[in-house]
Amino acid sequence: MRSVAPLLLLAAVAAAIVADAADDGEYAARRRAMIAEIKVDVVATAEMLKRESLDARVWAALERVPRHEFVPPEEQAVAYENRPVSIGHGQTISQPYIVAIMTDLLNLRAGARVLEVGTGSGYQAAVLAELGCRVFSIEIIEPLHAEARERLSRLGFDGIRLRHGDGYYGWKEEAPFDGILVTAAAGQIPPPLLVQLAPGGRMIIPVGSSFFVQDLVIVDKTKTGELRTRQVLPVSFVPLTGAH
Ligand code: SAM
């Protein structure tokens with residue numbers, strides 16, 4: 001008599017594949033809805049952003065990165081809401097609209113070297129990697145750094161370089177950077193990051209009090225090394241911590 005075990009196994013595998021596909025379809029639909037909401041917010045803030053929409057490559061990156069994989073299981077149901085979500089250790093994965101505009105404001109070309117201060121979940125780093133950037137990211141909370149490392153590797157983002165430490169000091173050995181993205185609020189722009197910004201490069205950083213609203217600031221370094229800043233819009237970030 002033929003064993004039914006292999007048939008049962010095949011049926012179980014097929015059911016799991018169908019369930020996965022249904023999940024992917026569901027999450028893809030939520031990603032598209034999230035992007036539609038961000039587009040509305042971009043139009044509403046167009047004057048401050050000085051743009052009506054974002055680079056098509058940014059939308060494509062947001063559509064590809066599975067944001068639900070970057071939040072704890074108990075937060076997956078709200079992963080695609082247009083708001084920050086807790087990732088533990090008193091930290092958050094930033095609001096999708098903020099991730100989108102900060103990415104876009106960097107104006108990065110594929111192959112650009114970009115430093116992120118505040119890896120958190122690794123989501124922003126993954127979005128930058130989807131743009132074809134060479135991403136370096138620093139996180140000060142060791143368990144978050146370790147979780148992001150495991151997660152990014154499991155999801156195939158092997159090219160992203162991660163470091164545990166105080167991002168206030170940047171990543172001197174890998175400088176200069178064409179782009180620097182700071183995802184925690186600084187009282188002032190960290191001088192080491194200004195030094196590590198390449199001529200022609202751009203930094204996006206929330207500057208201001210850690211307890212209130214901050215200004216999202218663009219810092220451009222000209223080819224001759226001059227610094228020019230512009231305040232974009234009010235934001236609210238967790239503070240840049242550390243003993244600096
Ligand atoms: N970019 C993250 C993401 O995609 O999930 C979200 C960043 S969360 C809003 C800010 C992160 O900055 C937190 O994970 C926090 O621990 C980290 N952080 C705060 N101060 C830091 C510092 N001095 N150096 C590096 N990371 C820092």
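Numbering of ligands and ligand atoms starts at 1, following listing order.
With a heavy-atom cut-off of 4.0 Å, His89 does not touch ligand 1 at all. When non-hydrogen atoms are compared, ligand 1 lies under 4.0 Å from the side chain of Val238 (C-beta onward) but not from its backbone. Of all the heavy atoms of Val99, none lies under 4.0 Å from any atom of ligand 1, so neither backbone nor side chain is involved. Proximity of Gln91 to ligand 1, defined as any heavy-atom pair under 4.0 Å, is confined to the side chain (atoms from C-beta onward). The proximity of Pro84 to ligand 1, defined as any non-hydrogen pair under 4.0 Å, does not occur for either the backbone or the side chain.
Relative to atom 5 (O) of ligand 1, the option among Ala186, Ser121, Pro206, Ser94 with the closest non-hydrogen atom is Ser121. For atom 2 (C) of ligand 1, the choice among Thr119, Thr92, Leu128 with the nearest heavy atom turns out to be Thr119.
Separating the NE2 atom in His164 from the OG atom in Ser137 is a distance of 12.5 Å, to the nearest 0.5 Å. Taking CZ of Phe70 as the start and CD of Gln124 as the end, the distance is 11.0 Å to the nearest 0.5 Å. With rounding to the nearest 0.5 angstrom, the OH atom of Tyr80 is 10.5 Å from the CG atom of Leu62.
Which parts of ligand 1 touch Pro239 is read off a 4.0 Å heavy-atom cut-off, strictly below it: atoms 19 (C), 20 (N). Near Gly120, the atoms of ligand 1 lying under 4.0 angstrom from a non-hydrogen atom of the residue are 2 (C), 5 (O), 14 (O). Close contacts of ligand 1 with Tyr123, meaning ligand atoms under 4.0 Å from a residue heavy atom, involve 4 (O). Atoms of ligand 1 lying under 4.0 Å from at least one heavy atom of Gly165, given by number and element, are 24 (N), 25 (C). The Ile138 neighbourhood of ligand 1 comprises atoms 25 (C), 26 (N), with distances under 4.0 Å to a heavy atom of that residue. Of all atoms in ligand 1, numbered sequentially from 1 with element shown, those under 4.0 Å from a heavy atom of Ile141 are 16 (O). Taking a cut-off of under 4.0 Å to the non-hydrogen atoms of Asp166, the atoms of ligand 1 that pass are 22 (C), 23 (N), 24 (N). Against a heavy-atom cut-off of under 4.0 Å, Ile93 is close to the following atoms of ligand 1: 5 (O).
Protein heavy atom in closest approach to atom 12 (O) of ligand 1: Gly118 CA, 3.2 Å. When only non-hydrogen protein atoms are considered, atom 16 (O) of ligand 1 lies nearest to Glu139 OE2, 2.6 Å. Looking from atom 7 (C) of ligand 1 to the surrounding protein, the closest heavy atom is Thr183 OG1, 3.3 Å. The protein atom (non-hydrogen) at minimum distance from atom 27 (C) of ligand 1 is Ile140 CG2, 3.6 Å. Regarding atom 4 (O) of ligand 1, its nearest protein heavy-atom neighbour is Gln124 N, 2.9 Å. Shortest contact from atom 20 (N) of ligand 1 to any protein heavy atom: Thr241 N, 2.9 Å.
Between Glu37 and Lys39 no salt bridge is recorded (no basic side-chain N to carboxylate O distance below 4.0 Å). A salt bridge links Arg64 and Glu130; the closest N-O separation between the charged side-chain nitrogens and carboxylate oxygens is under 4.0 Å. Comment: Arg202 does not engage Asp178 in a salt bridge, judged by the lack of any side-chain N to carboxylate O separation of less than 4.0 angstrom.
Backbone and side-chain nitrogen or oxygen atoms of Leu240 are examined, and none is located within less than 3.5 angstrom of a nitrogen or oxygen of ligand 1. Remark: ligand 1 and Gly167 share an N or O pair separated by less than 3.5 Å (distance only, no angle test).
Nearest heavy-atom pair, Ala46 versus Glu52, reported as atom, atom and distance to 0.1 Å: CB-OE2, 3.8 Å.
Both the sub-6.0 Å distance and the 45° axial angle are satisfied by Arg67 relative to the ring of Tyr123.
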Let's go through Asn82 and Gln95 carefully: what are the C-alpha distance in whole Å and the side-chain angles of both, what is the deciding distance for side chain to side chain contact (heavy atoms under 4.5 Å, CB included) to 0.1 Å, and is it a yes or a no?
CA-CA 6 Å; Asn82 192 16; Gln95 179 190 1; 3.3 Å; yes

Report the C-alpha separation of Trp59 and Ile38 in whole Å, then their side-chain angles, then the decisive distance to 0.1 Å, and conclude whether the side chain to side chain contact (heavy atoms under 4.5 Å, CB included) test is met.
CA-CA 10 Å; Trp59 299 129; Ile38 301 172; 3.9 Å; yes

Determine, step by step, whether Glu116 and Ile138 satisfy the side chain to side chain contact (heavy atoms under 4.5 Å, CB included) criterion, reporting the C-alpha distance in whole Å, the side-chain angles of both residues, the deciding distance to 0.1 Å, and the verdict.
CA-CA 6 Å; Glu116 181 195 23; Ile138 308 176; over 6 Å; no

Report the C-alpha distance between Leu216 and Ile204 in whole Å, list the side-chain angles of each, state the deciding distance to 0.1 Å, and finish with yes or no for side chain to side chain contact (heavy atoms under 4.5 Å, CB included).
CA-CA 7 Å; Leu216 190 65; Ile204 310 288; 3.8 Å; yes

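In this structure a side-chain-to-backbone donor-acceptor pair under 3.5 Å is missing from Gln196 to Glu174.
A parallel orientation is assigned to the rings of Tyr27 and His68, their planes being inclined by less than 30° (bins at 30° and 60°).
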